[in-house]
Amino acid sequence: MTCYIQPFSPLLTPPFSSRTFSSLRTDHHHHPALLHEHNHSLPLASAAAAAATATAIPITSPTLTSTAATTSSAQPLFQESWVESLRFQARSNLFREAILTYIQMLTLAGISPDNFAFPAVLKAVTALQDLNLGKQIHAHVFKFGYASSSVTVANTLVHMYGKCGDIGDVYKVFNRMTDRDEVSWNSIIASLCRFQEWELALEAFQLMLFDNMAPSSFTLVSVALACSNFPRHDGLQLGQQVHAYSLRTGNWRTFTNNAFMAMYAKLGRVADSRALFELFEDRDMISWNTMISTFTQNDHFLEALFFLYLMVLDGIKPDGVTFASVLPACSHLEMLDRGKEIHAYVLKNTNLPENSFVGSALVDMYCNCRQVESGRRVFDGISKRGIPLFNAMITGYAQNEYDEEALSLFFQMEALDGIYPNGTTMSSVLPACVRCDLFSDQEGMHGYVIKRGLEKDRYVQNALMDMYSRMGNIEISKYLFDSMEVRDIVSWNTMITGYVNCGCHENALHLLHAMKKVEEKNKDDDFEDVNRVSPKPNSVTLMTVLPGCAALSALAKGKEIHAYATRHFLASDVAVGSALVDMYAKCGCLNLSRRMFDRMPIRNVITWNVLIMAYGMHGRGEEALELFKNMAAEGDKSGILRPNEVTFIAIFAACSHSGMVREGLHLFHRMKEDYGVEPAPDHYACVVDLLGRAGQLEEAYELIKMMPPEFDKRDAWSSLLGACRIHWNVETGEIAAKNLFQLEPNVASHYVLLSNIYSSAGHWEKAMEIRKMMQKMGVRKEPGCSWFEFGDEVHKFVAGDASHPQSEQLHGFLETLSERMRREGYVPDTSCVLHNVDEEEKETLLCGHSEKLAIAFGILNTRPGTTIRVAKNLRVCNDCHVATKFISKIVDREIIVRDVRRFHHFRNGTCSCGDYW
DNA sequence: CTAGGGTTAG
């Protein structure tokens, strides 16, 4: 450690003021204890070292007592000049020098500090954030008996603890004060704000008023900050009162206005913040920056950019904060060019390229504009990396699905830079680690979260829930969800989405119900707990739960959600609207679906795709094509709407269900040229299906052979196999199956299909072989499962499962029905039931397929004439199709069965699909 | 004593 401060350099020489000359005294005799205990002969080098490392003041160090005094007599011994020097240095931001002077004053000159010296040295300590030093000076204050005599000293102590210490220290000093002035209150309020004790800060403000102490422009700054962090309503009310007070009393300065602007910004009152900005003419750079960040914080991105322009025009030079505030606007608007312009300006005109605030904003901007590599270059250019910068980069990687990079940077930050991930880091990296195939230690990440004590972070908890549900461990997600102390809207939505994605639609609906219950309960509470986030279903909730209704054909539930959406002004949301269009269509109500579509104020590609898909599922291919043409026409008008990959999937599916081979093929050949959509493997699979269903198996097979070699052919082969089952084509079916067995040996449906093809062609032996092969591979068929909505519940029926309470009754009913059907000419089609079957399959044979059970339940439990809607997880088999036609006639009911692909609307012995499906 | 970094669900 070098002694870089010369003890008697001009800098340290006390500037002699008139006050100094007027009262020369040494003060030695006033503090004999001090002189007795401590010698004055601190070696200067170690004093400087102590000051430079800012750890301990030698006055309390035992080593001092043993050293002999040698130089003390040569020093100036005037207290005022020492203190004057100290104050000068503190004012000039020469903090280390100030501390050194303080030490020398005590040790070399033997002068005790006074009420002027303490504030000065405490200012230095505060600036250097050295709590240890601060505590020692606090001890001096006690020792020298100034604690009660000076309010100022106590105030600076409060301030020092506010910046360096903890809240307990702050309170200790504040509570012991016998006299409090305005600054005391300001200090305590500001400190409480620092500790984010917003409520306590406002309480202190009330006490201050109660104490008849008038707040100043400084007080109002802290109060505004506290208000802005209070739950919207209360904070705004109080903030407005305080602001009114400020205006009424003229108690404001530029920084007060800036603080009020910031307050309004945080409370979402952009117009108020802007009005303040425009009302007062003495704006400084902070006013401009606050204005700009008001805009970016509240999603007014274009205004943010515009005000940057105005700022520059006004001759104010933007600084790092300006850039960090305005870059998120470029990021959100994905205005890469504007962002680059700002980057260029920063590089050329400022010394900020290494500023990590600006760096984080740049990384975020580049990554949001999909320029991940550019983001990385900015990242690499910054030498002093903090967590925010790492977080920006990791988030950028994760959001662009650069999962490996996200993970590797995550591991690097601790290993190389010694920076520990925080909650933000974890919530960004968790989605990456569940997606990344090369990473398998997801549980390890959970362990790491616990090791770092981040398991209470709500964002982390939400991300973990999502991770487990994506891994298929929905039970763990639920456990985490249940163990959360505070659940926010994302927690609820994540859990609901998890259920929907795992196919547990019933649970999703139950959770929505529970969510609404909690909301109602919270509403009734007189006491509103600010920490409890009331889980009000939002647009995301609805759009995730609606597919659940659709999957279950839970029309009543869906309508209820629609009503909720309307009541809460969420139905006009494009995403929710589109989900409703989809739900109605999948519940069999094509006209409601269409009405919803027509009423939507804004539609996007998804909305259109959903409706085209809906018409397709309902076997109305012509209208689907018509819609497609309308869509293209509207797109030409607006220039925004364009058919995308999904649109073509919908179109091909529609053509396929309606047997419109020619139209489908035509569009397939034109899609790239006329609509700019490149055919993908999915499109091939759809067209194979289109051809195959129409019986053009040879053409379908040829099309697969024509697929680009790098394309994934799995879906195309399964389309072909499915078509072969419809048309009993053993030969092509074998080819398709052979390919599939190689590509996906663990998918049960391939084996089942081929075996069905064999049995329907009378090749029982071969069918058996496939069954054995399946057993050997340990592949199990997904059980057939149907749903029927009844009252408030959705009843589930599983093939071969007798757990339904009415199971016996249903089977009895089906048996009687079956006899009547036979009399009417029904012949069971057993091609899809395997002969020589194992136990499981025998049961299936006995109990019938799940859709039959659901239909029987519907007939028995609903009033005559009611339409029966059944949803099924697999395709409806031939036998059920034939049987349902008979049933619809015998019981005189409309029966709508929706399987994975499409609708069957049975009426009076016929089906809407005309037996083509 | 005043402005600023960012994350999870879709």
Side-chain angles (χ1 to χ4, degrees), chain A residues 123 126 155 158-159 162-163 183 186-187 189-191 193-194 216-222 224-225 252-263 265-266 273 284-294 296-297 319-328 331 355-364 386-396 398-399 421-431 454 457-467 469-470 488-498 500-501 538-547 573 575-576 578-579 606:
Chain A
K123 183 186 175 190
T126 307
N155 288 345
V158 171
H159 188 219
K163 287 246 172 163
V183 180
N186 290 350
S187 303
I189 296 171
S191 299
C193 286
R194 269 192 94 68
S216 72
S217 50
F218 292 109
T219 325
L220 299 182
V221 167
S222 302
L225 182 65
W252 52 268
R253 299 209 220 158
T254 303
F255 59 76
T256 326
N257 283 332
N258 292 343
F260 280 118
M261 279 175 67
M263 176 190 82
K266 269 240 176 76
S273 172
D284 57 8
M285 184 178 57
I286 294 177
S287 317
W288 281 96
N289 287 350
T290 309
M291 191 68 253
I292 291 174
S293 72
T294 298
T296 39
Q297 275 173 39
D319 75 339
V321 178
T322 321
F323 296 123
S325 307
V326 82
L327 278 166
S331 171
N355 178 313
S356 84
F357 276 102
V358 179
S360 306
L362 280 169
V363 168
D364 176 72
I387 302 194
L389 183 66
F390 270 98
N391 286 350
M393 194 65 239
I394 290 174
T395 305
Q399 286 180 344
N422 63 11
T424 309
T425 328
M426 293 316 297
S427 41
S428 291
V429 84
L430 285 170
L454 299 169
D457 181 308
R458 214 168 43 224
Y459 280 76
V460 175
Q461 289 172 323
N462 290 342
L464 279 172
M465 274 166 55
D466 187 54
M467 181 185 86
S469 84
R470 281 179 206 275
D488 62 13
I489 184 68
V490 178
S491 320
W492 288 90
N493 288 349
T494 305
M495 199 59 232
I496 291 176
T497 311
V500 172
N501 288 343
N538 64 6
S539 57
V540 177
T541 323
L542 302 191
M543 64 185 275
T544 43
V545 84
L546 280 168
D573 183 288
V576 174
S578 306
I606 298 173

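Chain letters run A, B, ... following the sequence lines, proteins first and then strands; every chain starts at 1. Keep in mind that the numbers below use all heavy atoms, side chains included, and drop hydrogens, waters and symmetry copies.
Residue contacts for A:Ala259: at a heavy-atom cut-off of 4.0 Å it reaches the sugar-phosphate backbone alone, with no base atom in range. Residue-level contact check: A:Asn422 touches the bases, meaning some heavy atom is under 4.0 Å from a base atom. Across all strands, A:Thr322 comes closer than 4.0 Å to no nucleic acid atom at all (heavy-atom distances). Among the heavy atoms of the strands lying under 4.0 Å from A:Leu225 are primed sugar atoms or P, OP1, OP2 only; no base atom is included.
Side chains of A:Asn155 and A:Asn186: a donor-acceptor N/O pair is absent below 3.5 angstrom, by distance only. Inspection of the A:Asp364 and A:Ser331 side chains reveals an N or O donor paired with an N or O acceptor under 3.5 Å.
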Could you go through the side chain to side chain donor-acceptor pair (under 3.5 Å) check for A:Ser216 and A:Thr219 one step at a time? CA-CA 5 Å; A:Ser216 72; A:Thr219 325; 3.3 Å; yes

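The aromatic ring centres of A:Phe323 and A:Phe357 sit 6.0 Å or more apart.
In this structure, the side chain to side chain contact (heavy atoms under 4.5 Å, CB included) partners of A:Asp319, at least two apart in sequence or on a different chain, are A:Met285, A:Asn289, A:Val321, A:Thr322.
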Side-chain donor-acceptor distances from residues 386-393 of chain A under 3.5 Å, at least two apart:
from	atom 1	to	atom 2	distance (Å)
A:Asn391	OD1	A:Thr425	OG1	2.6
A:Asn391	ND2	A:Asn422	OD1	3.3

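Residue A:Asn257 contributes atom CG, which lies 18 Å from atom P of B:dC1 at whole-angstrom precision. Going from atom CD1 of A:Ile394 over to atom P of B:dG5 covers 19 Å, rounded to whole Å. Put simply, CG on A:Asp319 is 14 Å from P on B:dG5, counting in whole angstrom units. A:Asn258 places its CG atom 13 Å from the C1' atom of B:dG4, with the value rounded to the nearest Å. Distance A:Phe323 CZ to B:dA3 C1': 15 Å, rounded to the nearest Å. We find that CE of A:Met393 is positioned 13 Å from P of B:dT7, with the value rounded to whole Å. The distance between atom CG of A:Asp284 and atom P of B:dC1, rounded to the nearest whole Å, is 13 Å. Rounding to whole angstrom units, CZ of residue A:Phe390 and P of B:dT7 are separated by 17 Å.
By the criterion of a centre-to-centre distance under 5.5 Å and near-parallel planes under 30°, the ring of A:Phe255 forms no stack with the base of B:dT2.
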What protein N or O atoms touch nucleotides 8-10 of chain B N or O atoms at under 3.5 angstrom, if any, and at what distances?
from	atom 1	to	atom 2	distance (Å)
B:dT8	OP1	A:Gln399	NE2	2.9
B:dT8	O2	A:Asn462	ND2	2.6
B:dA9	O4'	A:Thr494	OG1	3.2
B:dA9	N3	A:Asn493	ND2	2.9
B:dG10	OP1	A:Arg470	NH2	3.1
B:dG10	OP2	A:Arg470	NH2	3.3

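What you find for A:Ala579 and A:Leu546 is that their closest heavy atoms are CB-CD1, 3.6 Å.
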